[in-house]
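For reference, the structure is listed below as structure tokens.
Remember, predicted model here, so these are calculated numbers, not experimental data.
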There are 2 protein chains.
Amino acid sequence: MKDVATAAGVALKTVSRVVNGEPGVNPATAERVREAIDRLGYSRNESARVLRRGRTATVGLVIEDVADPFYAGLSRAVEEVVIGEGCLLLSGSSGEKPARERELVRTFCARRVDGLIVVPAGDDHSYLRPELDAGTPAVFADRPPGPGLDVDTVLSDNAGGAREAVGHLLAHGHHRIAMLGDHPSIYTAAERLAGYRAALGPLFDSRLVAMRGPAPETVWDDLERMLALDSPPTALFTGNGRLTVTALRALGGRRMGLVGFDDFELADLLTPGVTVVAQDPAGMGRVAAELLFRRLAGDGGPSEHVELPVRLIPRGSGELPP
Amino acid sequence: MKDVATAAGVALKTVSRVVNGEPGVNPATAERVREAIDRLGYSRNESARVLRRGRTATVGLVIEDVADPFYAGLSRAVEEVVIGEGCLLLSGSSGEKPARERELVRTFCARRVDGLIVVPAGDDHSYLRPELDAGTPAVFADRPPGPGLDVDTVLSDNAGGAREAVGHLLAHGHHRIAMLGDHPSIYTAAERLAGYRAALGPLFDSRLVAMRGPAPETVWDDLERMLALDSPPTALFTGNGRLTVTALRALGGRRMGLVGFDDFELADLLTPGVTVVAQDPAGMGRVAAELLFRRLAGDGGPSEHVELPVRLIPRGSGELPP
DNA sequence: TAACCCTCTGACAACGTTGTCTGGCCGTCC
DNA sequence: GGACGGCCAGACAACGTTGTCAGAGGGTTA
């Protein structure tokens, strides 16, 4: 910038004015400055600008894993909003590891992101307190923050969706409905288990529940064990997209009632089509980002807790008779 | 930092030394400083650090769309390497729009990213020249840069993969093999078309080729038109993952030979399983990031052009008889 | 005892911007 | 003709860090 000023024969500040489109510059001077800028290939150093102004025009996003379609969709939607607001997105995957989540947030904060969108891996977020107090807003998505933190949150109707899924299977005549879910330490898994249990009522049988995550071996084991029971399950409720797919592989063509949480591509092309309770990852990302920007615009109201509806999509597997 | 210095009763510079783990600080003093840091919840302002040191420890990534599994996988692998190097990743989706690609790169450069990884949407990258000359290295992935730019590049063996796919169908008795591809203006699409053509030799028939992208309507139209020919195709080669899926939907259960470029989840669970030529998105991301960091470490050698092998995975659809 | 070295600490400038303030010039109005 | 206001332009400090250099104090050596 100094070079540009010298080249154009004006003061530093005048160049700054031109670059920022501030008023009060003679058009002829401005033109001369612009010409010098082009000639020297100058581009403003955002770091210095950030340092001076305090706003980075950057938002940090922490998710589980970009390679998971659910989070990829969420990520894309967040990005869309962020770019639309003239900001940039720093993102990172926690890989379900609380330590890494924390490390990412810490790093983002050190870079003075204007705001954070977090899909938490852990359940202790007290480390966020100083940042929040310092005025960096945060929005939690998909899962709520740990106790003691009251911030904007966007969740799916996990329990309701699970109730609906299990209710659907019950309505199609199933009484023995198994559930495969993620570790109950994960909020969404616990909620879905609760919904499952609520829908089953007295039909609930703990032998038909396995909450050990999507690893193929454990899914395989659990299914085998359940199917060997005296009264084996005639239907299955899977607690997330990964589990649905893993279970489909483990079942290997054996036909049984199946409803999965999370929609996935090609669910309609399998035979039978896979009935799912679909979440709206893009909607979740969009809403979270919009909430964040509302805070950044100065909204100091009480924290918002949005619950997004889910949608049962019958495709065949959930309508199979027992 | 100034506050910390005051609180600990030392000079600014001493705090800086402690924060950066520089030697030459009395352990007792360092402890006092650390205590003050904890008490005040201080965290270093990276913007100022960047301004002073010139390195941002940030890498910019431009892809088509995070929500596309191929790019999600690539993205994740890049992230892994970048974080491993202690850097952060700024990413953005171009959505196949050259203007947006350019805008993203421009913004990244204004933020002084240390390096760029680009999946280009356009084919004119002369706008990168100043940045490259200024010492910001760039690596192109999945598609090469436009003419006149000689930078590190990581590509899949597109033509070879297409040849192998079509050869596989030929070997299983097909003579009328159609191709659905993306617009030939996209490098990978053109390469795959070339491979298809080379494999077919005299059997090539332009009426069996449609390069109009993955929009369902056009795929539907094209397939209908081809199947109505006097000698309709008995097999299909699809030019990317999206097209494969769209084509599967359009075919709606009609059995015909099929090999798709790009692997996708559940390809093995469909009936028949879908034979594919699998790329390695994670490998591509990893290699691209590693190349970039090699440059950042000072490697000034001639530009590297890596071609990643692809792998044919027979699953049934490519082995159907005519 | 003087000269020296070593360890630890601090003062200061600089990185590239932007906000604030001041000043010169010109035209207008009393 | 003097006072005033508006338009431009520039000088300067400040943002929070780090690199450079200098200095204080204590121990060792000649």
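- Atom CZ in B/R32 sits about 12 Å away from atom C1' in C/dC8, given to the nearest Å.
- For A/R17, counting side-chain heavy atoms from C-beta on, the closest listed nucleotide (C/dG10, D/dG10, D/dT18) is D/dG10.
- Within the structure, every side-chain polar atom (N or O) of A/T14 is placed at least 4.0 Å from both OP1 and OP2 of D/dA9.
- Phosphate proximity of D/dA9 to A/T29: present, with a side-chain N or O under 4.0 Å from OP1 or OP2.
- Among the nucleotides D/dG10, C/dT18, D/dT18, the one closest to the side chain of B/N20 is D/dT18.
- Side-chain atoms of A/N26 and A/R32 form no donor-acceptor pair, as typed in the model, at a separation below 3.5 Å.
- Regarding A/N26, its CG atom lies at a distance of 13 Å from the C1' atom of C/dC26, rounded to whole Å.
- A/L296 is listed as a side-chain neighbour of A/R55, based on a closest heavy-atom distance under 4.5 Å.
- The side chain of A/K13 sits closest to C/dT20 out of C/dT20, C/dA14, C/dT9.
- In this structure, a donor-acceptor pair under 3.5 Å is present between the side chains of B/T56 and B/D114.
- With rounding to whole Å, A/R53 atom CZ is found 10 Å from C/dG19 atom C1'.
- DNA chain C is contacted by both B/G9 and A/R44; B/G9 maps to the nucleotide lying nearer its 5′ end (nearest heavy atom per residue).
- For the pair B/R49 CZ and D/dT18 P, the interatomic distance rounds to 5 Å; values are reported in whole Å.
- Distance CG (B/L51) to P (C/dA13): 17 Å, rounded to an integer number of Å.
- Taking every heavy atom of both residues into account, B/R143 and B/Y71 meet most closely at NH2-OH, 3.5 Å.
- Nucleotide D/dT17 holds its C1' atom 18 Å from the CZ atom of B/R55, rounded to whole Å.
- Heavy-atom distances to DNA chain C give each of B/R52 and B/G24 a nearest nucleotide, and the one nearer the 5′ end belongs to B/G24.
- The listed nucleotides are C/dC8, D/dA9, C/dT18; the one nearest the side chain of A/S16 is C/dT18.
- The nucleotide whose nearest atom lies closest to any side-chain atom of B/A11 is, among D/dG10, D/dG19, C/dA11, C/dA11.
- Using modelled atom types, one finds a donor on one side chain and an acceptor on the other under 3.5 Å when comparing A/T58 with B/R111.
- Atom CD of B/E22 and atom P of C/dT7 are 16 Å apart (whole Å).
- With rounding to whole Å, A/E46 atom CD is found 12 Å from C/dT18 atom C1'.
- The shortest distance between the side-chain N/O atoms of B/N45 and the OP1/OP2 oxygens of D/dC15 is not below 4.0 Å.
- Of all nucleotides listed (D/dG10, C/dT17, C/dG10), D/dG10 comes nearest to the side chain of A/V10.
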